[in-house]
Student: 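To start, I am sharing the structure in question, which I have written as structure tokens.
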There are 4 protein chains.
Amino acid sequence: MAESTAPDRTPTRRGPDPRRRSERARTAILDAAAALMGEVGFARMTMEGIAARAGVGKQTIYRWWPSKAAVVLDVFQREAGGDSEPLPDTGDLAADLRTVLRATVDEYNTPETDRISRAFTAEVQHDEDFARAVTEDLLRPHMRAYKERLRSAREAGEISPDADLDVAVELLTGPLHHRWLLRTAPLTHDYVDVLVDLALRALRP
Amino acid sequence: MAESTAPDRTPTRRGPDPRRRSERARTAILDAAAALMGEVGFARMTMEGIAARAGVGKQTIYRWWPSKAAVVLDVFQREAGGDSEPLPDTGDLAADLRTVLRATVDEYNTPETDRISRAFTAEVQHDEDFARAVTEDLLRPHMRAYKERLRSAREAGEISPDADLDVAVELLTGPLHHRWLLRTAPLTHDYVDVLVDLALRALRP
Amino acid sequence: MAESTAPDRTPTRRGPDPRRRSERARTAILDAAAALMGEVGFARMTMEGIAARAGVGKQTIYRWWPSKAAVVLDVFQREAGGDSEPLPDTGDLAADLRTVLRATVDEYNTPETDRISRAFTAEVQHDEDFARAVTEDLLRPHMRAYKERLRSAREAGEISPDADLDVAVELLTGPLHHRWLLRTAPLTHDYVDVLVDLALRALRP
Amino acid sequence: MAESTAPDRTPTRRGPDPRRRSERARTAILDAAAALMGEVGFARMTMEGIAARAGVGKQTIYRWWPSKAAVVLDVFQREAGGDSEPLPDTGDLAADLRTVLRATVDEYNTPETDRISRAFTAEVQHDEDFARAVTEDLLRPHMRAYKERLRSAREAGEISPDADLDVAVELLTGPLHHRWLLRTAPLTHDYVDVLVDLALRALRP
DNA sequence: TGATAACCGAGACGGTACGTCTTGTCTTGTT
DNA sequence: AACAAGACAAGACGTACCGTCTCGGTTATCA
């Protein structure tokens, strides 16, 4: 998304020239978007608002991003720094998963994170390009981190050697995500513990 | 949502009188909304469009529903007919779950259903009242049906007597929902089979 | 206007039956209209507002009056009591005219009267039926009073025996009305004096 | 009204930048308003109608004019071309006034002009800003033309040297305007002749 | 080291939809 | 059958944003 366009020195009139892009404007836009995300949330944030706050022309936003969602995605990529942290590996899979998932639960219970995550989830539903970008840039790396930890556990014999690791990750995160997204019940550390327990029972050799 | 209000014993109550409501208008609005939902989807459907299509004043919609989402929710409640079907109970839990979840997967793979479900999911994210209504009226009955089947299985000794049935339901539907919602991988019958297998391994006594 | 329909005992289905009219409703409507006229003026007064204030159904207004203007006209007719006062006749035409026209100027300079008169003037412009009613019921009697005084003066030899009295009235009231209506200059007693002086110079034998 | 604002020396000024105004849009709006004025009249003309007819966004109208009346005023100012014609001066005041006032009567008797003039008169009654604009831009120049002709007559000794020319103008136009506005009697050339005769009798030395 | 193209800020533009308001008619009991 | 109440279809209101376009004014490459 955003500026996927390569250096592009062919005069084929493909889009704007990224070499001439104003770093000042780019930063101001992302800062403004980040601030507005926190203040009014994704839904009530407007392109006009971002432009005004950033002291930037609307065209400058539209030149570099196709949509509001794309701008916000870049906000996140900037903050995430790029790679996802690997999961801790103390040798005790259950303990490690509990640690990480409890932290996830705590994040979900933070109003700020909750709001932003919901905005992304909503946006992903009616913009397939955005969905792809979010999946590739945020979600996939996140799930890959889990997968690596499970692979290590599988090698250590903690879980069945023929377990499908992708499904295994979903078995852990799916129920949690479901409960958060649809607000069917409160998200607690206890719930994490029960979930990890069940999942590992399913996965053990 | 919408007209959940009971006969309204307090005469000081604000708002319109439901006894005088025009059934003709109500039906026309829901019909129009249903048609537009299929034709252009939730996001591109407008209140003005519904009103025009239904041959109704906009005010008549706003009088009885607070938002577009509320109208569409009523469309669903009308179609769902109220109760959720109970799950089949052949005595073989795994088989029954496979049957039902494969059907669910087929539904998710229908463009029409996919679109509407995504619209609801998106809407639920930025309207808490709507979220509550969807949860109570559509989601909760659906999950209750699963829970009943699992209870029956627990009584039959197929799953552990101390299993938490709410978590059990999430263990089955969470991963599926996650994969559908975030499009991380295709939804297939095979996936269902693997999932049911894993879940039951976690739940068995 | 208003209920110009005659007693109407023929069953020809011509309008409502005035014999069954509710005096209570009629009075409440006129009272409410009078109050609103003073509070918000003609333009911002609405049929809904009158009905609500009078504790009356809108239909009851529409049944008996064709428009907001008609209601207000009735307000005036009720207050005017019917006939226009005759002009004073001291034998000195110039003095009598000054007296009356100075009073007129004072009335025009009253915000309340100014507002209402302007409202009527405006309304008269785009409703020909209303115009006719206002002309016949308010304006004509008013001008007739002037005409009578001028006739008396003509008989007394104060003005030319072949003067057209209708034009004479307009010569006095026209300029005053023009200055008031179009706000081209302030309305003062001095102005009245100059005007009377000029008019009588035109009319003298 | 509308864009009376000078080059706008204060840079702190609110509102849009008139230098960037689209001449195309301005012209289209005035054309549309002029056409609608003739077709449906002022009262039934709407801002939405003007915008649609002009192929223009509503905001573009609201950006440059505060109200429907202001748009129509600009229509007139465009057509009036700015200055008012001076009155003919053949040396015979009575004849010149008869010529001009008969033409005025003919105009008032044209349905198109009648309708528009009434619309203005009505509008002037409940919008003081608009009233001021109409008075300054249309009425005042018109009356000034009369005043100039009367001044010339006064210098020629045709009317009294101490006549108040403003009042004199009103003495001529006031009665005519009154009769037209309130439809108390038909407007004819004969009436003009009688009126001119009377007025000059009042004004002669 | 200009020239010159592109980006930049600003914001006007044609549109669409919003949610509110009022109109005049229709409907539902009540008196 | 008139009444109070108020729902109804219609449609204009003035506002908010959308995404595109147009206007000078700065840069930053490249001839």
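Because the structure is predicted, anything quoted here is derived from the model rather than measured. The figures that follow rest on heavy atoms only: side chains count, while hydrogens, waters and symmetry mates do not.
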Student: What's C:R44 touching, base or sugar-phosphate or nothing? Going by heavy atoms closer than 4.0 Å.
Tutor: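 No contact at all - C:R44 keeps every heavy atom at 4.0 Å or more from the nucleic acid.
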Student: Heavy atoms under 4.0 Å, any strand shown: does C:G55 hit a base, just sugar-phosphate, or nothing?
Tutor: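 Sugar-phosphate, no base atom in range.
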Student: Please confirm whether any donor atom in the side chain of A:R19 sits under 3.5 Å from an acceptor in the base of F:dT29, or the reverse.
Tutor: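 Between F:dT29 and A:R19, which were checked side chain against base, a qualifying N/O pair under 3.5 Å is absent.
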Student: C:A25 or D:G49: which one's nearest nucleotide on DNA chain F is closer to the 5' end?
Tutor: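 Nearest-nucleotide comparison on DNA chain F picks C:A25.
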Student: Want to settle it: does B:E48 or A:E48 sit nearer the 5' end of DNA chain E, counting the closest nucleotide to each?
Tutor: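 Of the two residues, A:E48 wins.
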Student: Rounded to the Å, how far apart are D:R53 CZ and E:dG15 P?
Tutor: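 From D:R53 CZ to E:dG15 P: 15 Å.
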Student: Taking the cut-offs as 6.0 angstrom to the six-membered ring centre and 45 degrees off its axis, would you call C:R21 and C:W65 a cation-pi pair?
Tutor: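 The answer is yes, since C:R21 meets both limits relative to C:W65.
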Student: Please test C:F76 against C:I116 for side-chain contact (heavy atoms from CB on, under 4.5 Å), starting from the C-alpha separation and ending with a verdict.
Tutor: CA-CA 10 Å; C:F76 278 77; C:I116 296 178; 2.6 Å; yes
Student: Quick one: the side chain of D:R20 and the base of E:dA10, do they pair up donor-acceptor inside 3.5 Å?
Tutor: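 Answer is yes: a donor-acceptor pair is held.
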Student: For A:R24, report the nucleic acid contact type (base, sugar-phosphate, nothing); a contact means any heavy atom under 4.0 Å.
Tutor: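 It contacts sugar-phosphate atoms only.
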Student: Spell out yes or no: do the side chain of B:Q59 and the base of E:dC21 have one donor N/O and one acceptor N/O closer than 3.5 Å?
Tutor: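 Side chain to base: pair present.
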Student: Check this for me, if you would: do B:R63 and B:D17 make a salt bridge, where the nitrogen-to-carboxylate-oxygen distance has to be below 4.0 angstrom?
Tutor: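 The answer is no: the pair does not qualify as a salt bridge.
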Student: On DNA chain F, does the nearest nucleotide to C:V56 precede the nearest nucleotide to A:Y62 from the 5' side, or the other way round? Give the residue.
Tutor: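 Taking each residue's closest nucleotide, the earlier one in sequence belongs to C:V56.
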Student: Mind checking whether A:F42 and A:F120 have parallel, tilted or perpendicular rings, split at 30° and 60°?
Tutor: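 Aromatic pair A:F42/A:F120 classed tilted.
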Student: Taking atom types as they are modelled, would you say the side chain of B:K58 forms a donor-acceptor pair with the base of E:dG19 within the 3.5 Å cutoff?
Tutor: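 Side chain to base: pair found, below 3.5 Å.
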